[in-house]
Amino acid sequence: MSTSMSTPGSTPVRVRMAPSPTGSPHVGLARTALYNWAFARHHGGTFVFRIEDTDKARNTEESYDSLIDLMQWLGLSWDEGVVVGGAHGPYRQSERTEIYADVLTRLRESSYTYDCFCTNDEVEARRKASGSKVMGYDGFCRELSDEQRSAFEAEGRSSIVRFRMPDGSITWNDLVRGDITFETEFVPDFALCRANGDPLYTLTAPVDDATMEITHVLRGEDLLSSTPRQVALFDALKELGVAKETPAFGHLPYVMGEGNKKLSKRDPQAHMALYREQGFLPEGLLNYLALLGWAIAADRDVFSLDEMVEKFDIKDVNPNPARFDLKKAEAINASHMRLLSIDEITHRVLPFLKDAGVVGDPVTDPDAQMLELAMPLVAERINKLTEAAPMLGFLFVDEADFERDPADVAKLLDETGRGVVQASYDALSGLHEWSTAAIEEALRVALIEGMELKPRVAFGPVRVAVTGKRISPPLFESLELLGRERSLGRLQSALA
RNA sequence: GCCCCCGUCGUCUAGCGGCCUAGGACGUCGCCCUCUCACGGCGGUAACGCCGGUUCAAAUCCGGUCGGGGGUACCA
């Protein structure tokens, strides 16, 4: 796969993806996973898959399952993490509470944090009174005296632990955006845990990245503004011996929906499950997702995952938000469909044919044989896996259940159409050899020459009579596959 | 409000001071192929947000401005 390993002398690359199991997986998440995966594979590093489930109220097991399922479907393998385990586990934050409790204790014993007794209302009231333009916590409890503490405790107030942001500014060299600087006066002291002691994301993410020895954090742009807090916390964690190094950060652009809005979970287009159901190929979808912020070359946009791994460089990632365009996603997917062999397409289409009831499960031998003959006819005319079933149905259906599209019947099996069908029946019923070439010859003689019809006028009614639809695989081949008996029967029943 | 990020065809992008009368792809329009559909082929359409500055030369560098987005939680 990749030949370029991590830079000589540097520590091996370790990246992670760390979704929260809320709702169904999102395309933005998949794109982030892909970039992390490609980055890891390019550098011969390790890809860690961890779950950030500290928000008990919002997490669901269904969501967790769908995350695993999605990653497996996409084929983005991870080296360490949930399911596969590893040396830095456990990989679900809900199972790491002792780790956070321990770090929190050590942080409290240092001067990096302080206990805060304020309520939101108090903070807000003080902000209004002072006229400060800076929102968020004002540092009121930073220098509490023992007496003040005791007084608050005597009142029965609960407290949380806040991280004390240092003075000055915090700068990091963002992997996709370059130097970014925040003055810490605009980054308020932040909470590390809830009043009940439960750790918050602000604590768990850096602690996990530290203990899992993550070297590069590639995540969504929405987390950019929390980065100065994490950089500051990492300084403390290094001091305490919890972290070795502060990871490099890279903030990936948003994936947008219609308009100027980030693709939200409410938007049906946002959900990865939809694309799987619609018959997208994982490699096609991945290819499209890769394009949302990255290009493999100036004049190319269809490529394999291996090629992406070889060429992927985080420095080439575009910082501006990208809009998800279904049409282009489908076009890219179609290109990947055409890259597949007939056998492979058949294999991928099969589950969809079963779902649609076109073939049974398991597939019978005659059906399997028919499929082998029919797939070459449809393979190159479908752009998604789901498109095969409606095209092939007429070949597999029992004669008793065969139906024609009423609209197509109305349109094409009118007076002239029925005449055409009758002529076709006459021409084909006496045919000695039931082959594509013989069928075509007979029909052309009867309809084009005999009736002096234009081909598109001549074959439309026959198509509807035999396949039930105006749109079908090539007609003469279809007739051959259908067989003499069924073909003639359908021509006849179309006249009834 | 304040802080931060972003700004090339409708969309995704290439572009890192001269190769740019800005390239590719999707879309769209027209034509060709053609038994339908799809594929394929050919051609057209369409962009550097704006204003200053630096420079012999700017889409590329700098400043400002406008516009969009995000953050400002005991969510992640």
Side-chain angles (χ1 to χ4, degrees), chain A residues 18-20 22 52-55 57-58 116 118-120 123 131-137 158-162 174 176-177 180-183 185-188 190-202 204-205 219-228 251 253-254 256 259-262 288 291-302 316 318-332 334-335 337-338 378-383 387 391 408 412 440 443-444 447-448 454-460 462-464 467 469-478:
Chain A
S20 293
T22 61
E52 307 215 329
D53 55 351
T54 54
D55 190 346
R58 298 199 302 157
C116 172
C118 298
T119 66
N120 277 333
V123 175
S132 169
K133 289 176 173 180
V134 181
M135 306 291 274
Y137 191 64
S158 57
S159 66
I160 59 166
V161 179
R162 273 188 200 282
D174 197 275
V176 342
R177 288 153 210 274
I180 297 177
T181 299
F182 280 78
E183 299 300 327
E185 63 177 302
F186 300 115
V187 184
F190 56 98
L192 294 174
C193 66
R194 292 194 167 88
N196 67 8
D198 286 349
L200 255 13
Y201 164 81
T202 50
T204 60
R219 47 156 42 160
E221 181 184 345
D222 50 330
L223 292 167
L224 191 147
S225 53
S226 75
T227 303
H251 291 90
Y254 281 113
M256 317 282 282
N260 282 323
K261 293 190 299 290
K262 178 186 166 190
Y288 176 66
L291 259 16
L292 263 23
W294 181 75
I296 196 166
D299 57 355
R300 234 186 115 204
D301 55 14
V302 175
D316 295 333
N318 225 119
N320 43 316
R323 224 162 299 265
F324 188 94
D325 180 6
L326 221 209
K327 289 261 180 59
K328 179 136 185 180
E330 288 176 336
I332 297 289
S335 299
M337 291 280 288
R338 270 164 246 132
V378 301
E380 75 164 11
R381 35 182 38 91
I382 60 176
N383 292 331
E387 289 164 12
M391 281 194 158
D408 291 346
L412 288 169
E440 174 166 10
L443 288 179
R444 284 193 185 276
L447 308 180
I448 311 299
K454 289 190 169 153
R456 55 184 305 132
V457 178
F459 301 127
V462 184
R463 185 185 306 283
V464 173
T467 71
K469 291 179 179 157
R470 228 175 353 157
I471 297 169
S472 82
L475 183 58
F476 315 119
E477 286 84 346
S478 296

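Below, read A as the first sequence line, B as the second, and so on, with proteins coming before strands; counting in each chain starts at 1. The model shown is predicted, which means the values in this text are computed figures rather than measured ones.
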(request) Hey, could you give me the OG/CG distance between A/S335 and A/N383, rounded to the nearest 0.5 Å? (result) 8.5 Å

(message) Looking at B/U55, which nucleotide sits across from it as a Watson-Crick or G-U wobble partner, both distances under 3.5 angstrom, or is there none?
(response) none

(message) Less than 4.5 Å apart, side chain to side chain, heavy atoms only: is that true for A/F186 and A/M135?
(response) no

(request) Enter the distance from A/C193:SG to A/D198:CG here, rounded to the nearest 0.5 Å. (result) 8.5 Å

(request) May I ask which nucleotide in the shown strands pairs with B/C2, Watson-Crick or G-U wobble, both distances under 3.5 Å? (result) B/G71

(message) Does the structure show a Watson-Crick or G-U wobble partner for B/U60, both distances under 3.5 Å? Name it, or say none.
(response) none

(request) Among A/K469, A/R470, A/R463, find the residue that satisfies the salt bridge (charged side-chain N to carboxylate O under 4.0 Å, His left out) test when tested with A/D408. (result) A/R470

(request) Considering only atom C1', compute the distance from B/C12 to B/A57 and round it to an integer number of Å. (result) 31 Å

(message) Taking the C1' atom in each of B/G15 and B/A25, what is the distance between them to the nearest angstrom?
(response) 16 Å

(request) Using the C1' atoms only, state how far B/U21 lies from B/G1, rounded to an integer number of Å. (result) 46 Å

Polar atom pairs (N or O), protein with nucleotides 40-43 of chain B, under 3.5 Å:
{"residue": "B/G40", "atom": "OP1", "partner": "A/R338", "partner atom": "NH1", "Å": "3.2"}

(message) Looking at every heavy atom in both A/Y288 and A/D325, which two are closest together, and how far apart are they?
(response) OH-N, 2.7 Å

(message) I need the CZ-P distance between A/R323 and B/C9, as an integer number of Å.
(response) 11 Å

(message) From NE2 of A/H251 over to C1' of B/A76, roughly how many Å is that when rounded to an integer?
(response) 13 Å

(message) Base, sugar-phosphate or nothing for A/S20? Non-hydrogen atoms, less than 4.0 Å.
(response) sugar-phosphate

(message) Roughly how many Å apart are B/G49 and B/G10, using the P atom of each and rounding to a whole number?
(response) 12 Å

(request) Tell me which of A/W294 and A/S472 sits closer to the 5' end of RNA chain B, going by the nucleotide each one is nearest to. (result) A/W294

(request) Quote, to the nearest angstrom, the P distance that separates B/G18 from B/U60. (result) 12 Å

(message) Measure CZ/A/R470 against P/B/C37 and give the value in whole Å, please.
(response) 9 Å

(request) Would you mind telling me which of B/U13, B/G70, B/G71 lies closest to the side-chain atoms of A/A322? (result) B/U13

(message) Distance check, P atoms only: B/A73 and B/C3, in whole angstrom units.
(response) 16 Å

(request) Please report the shortest heavy-atom distance between A/T54 and A/P199, naming the atom on each side. (result) CB-O, 4.0 Å

(request) May I ask you to decide whether A/R381 forms a salt bridge with A/E387, counting only side-chain N to carboxylate O separations under 4.0 Å? (result) no

Polar pairs (N or O, both sides) under 3.5 Å between protein and nucleotides 72-75 of chain B?
{"residue": "B/U72", "atom": "O2'", "partner": "A/M135", "partner atom": "O", "Å": "3.4"}
{"residue": "B/A73", "atom": "OP2", "partner": "A/G136", "partner atom": "N", "Å": "3.4"}
{"residue": "B/C74", "atom": "O2", "partner": "A/A195", "partner atom": "N", "Å": "2.9"}
{"residue": "B/C75", "atom": "OP2", "partner": "A/R194", "partner atom": "NE", "Å": "3.1"}
{"residue": "B/C75", "atom": "OP2", "partner": "A/R194", "partner atom": "NH2", "Å": "3.0"}
{"residue": "B/C75", "atom": "O2'", "partner": "A/D55", "partner atom": "OD2", "Å": "2.7"}
{"residue": "B/C75", "atom": "O2'", "partner": "A/R58", "partner atom": "NH2", "Å": "3.0"}

What are the atom names and distances for every N/O pair under 3.5 Å that joins the protein to nucleotides 5-7 of chain B?
{"residue": "B/C5", "atom": "O2'", "partner": "A/R177", "partner atom": "NH1", "Å": "2.3"}

(request) Can you sort out the partners of A/D55 under salt bridge (Lys or Arg N to Asp or Glu O under 4.0 Å), two or more places apart, ordered by chain and number? (result) A/R58

(message) Could you check whether A/R162 makes a cation-pi contact with A/F190, meaning its NZ or CZ is under 6.0 Å from the centre of the six-membered ring and within 45° of the ring axis?
(response) no

(message) Under 3.5 Å, is there any donor-acceptor pair linking the side chain of A/R381 to the base of B/C37?
(response) yes

(request) Give the minimum heavy-atom separation between A/V302 and A/R300, together with the two atoms involved. (result) O-NH2, 3.2 Å

(request) Heavy atoms only: give me the nearest A/S478-A/P473 pair and the separation to one decimal. (result) OG-O, 3.5 Å

(message) Strictly below 4.0 Å, N to O, side chains only: are A/D301 and A/K328 in salt-bridge contact?
(response) yes

(request) Have a look at A/E380 and say if it touches a base, only the backbone sugar-phosphate, or nothing, with a 4.0 Å heavy-atom cut-off. (result) base

(message) Under 3.5 Å, is there a donor on one side chain and an acceptor on the other for A/R219 and A/H251?
(response) yes

(message) Please give the distance between the P atoms of B/U11 and B/C74 as a whole number of Å.
(response) 38 Å

(request) Calculate the interatomic distance between A/E183 atom CD and B/C3 atom P; express it in whole Å. (result) 10 Å

(message) Which nucleotide, if any, forms a Watson-Crick or G-U wobble pair with B/A14, using both distances under 3.5 Å?
(response) none

(request) Quote, to the nearest angstrom, the C1' distance that separates B/A59 from B/U34. (result) 44 Å

(request) Scan nucleotides 15-35 of chain B nucleotide by nucleotide, 5' to 3', and note B when protein non-hydrogen atoms come under 4.0 Å of the base, S if they reach only the sugar-phosphate, - if neither. (result) --------BSBSS-------B

(request) Determine whether A/F324 and A/L292 make a side-chain contact, defined as any pair of heavy atoms from C-beta on separated by less than 4.5 Å. (result) yes

(message) Please find the pair of heavy atoms, one from A/A191 and one from A/I160, that lie closest to each other, and give the distance.
(response) CB-CD1, 3.6 Å

(request) Find the partner of B/G40: check Watson-Crick (N1-N3 plus N6-O4 or O6-N4) and G-U wobble (N1-O2, O6-N3) distances, both under 3.5 Å, and reply none if neither fits. (result) B/C32

(request) Would you please name every residue forming a side-chain hydrogen bond (donor to acceptor under 3.5 Å, both in side chains) with A/R194, sequence neighbours left out? (result) none

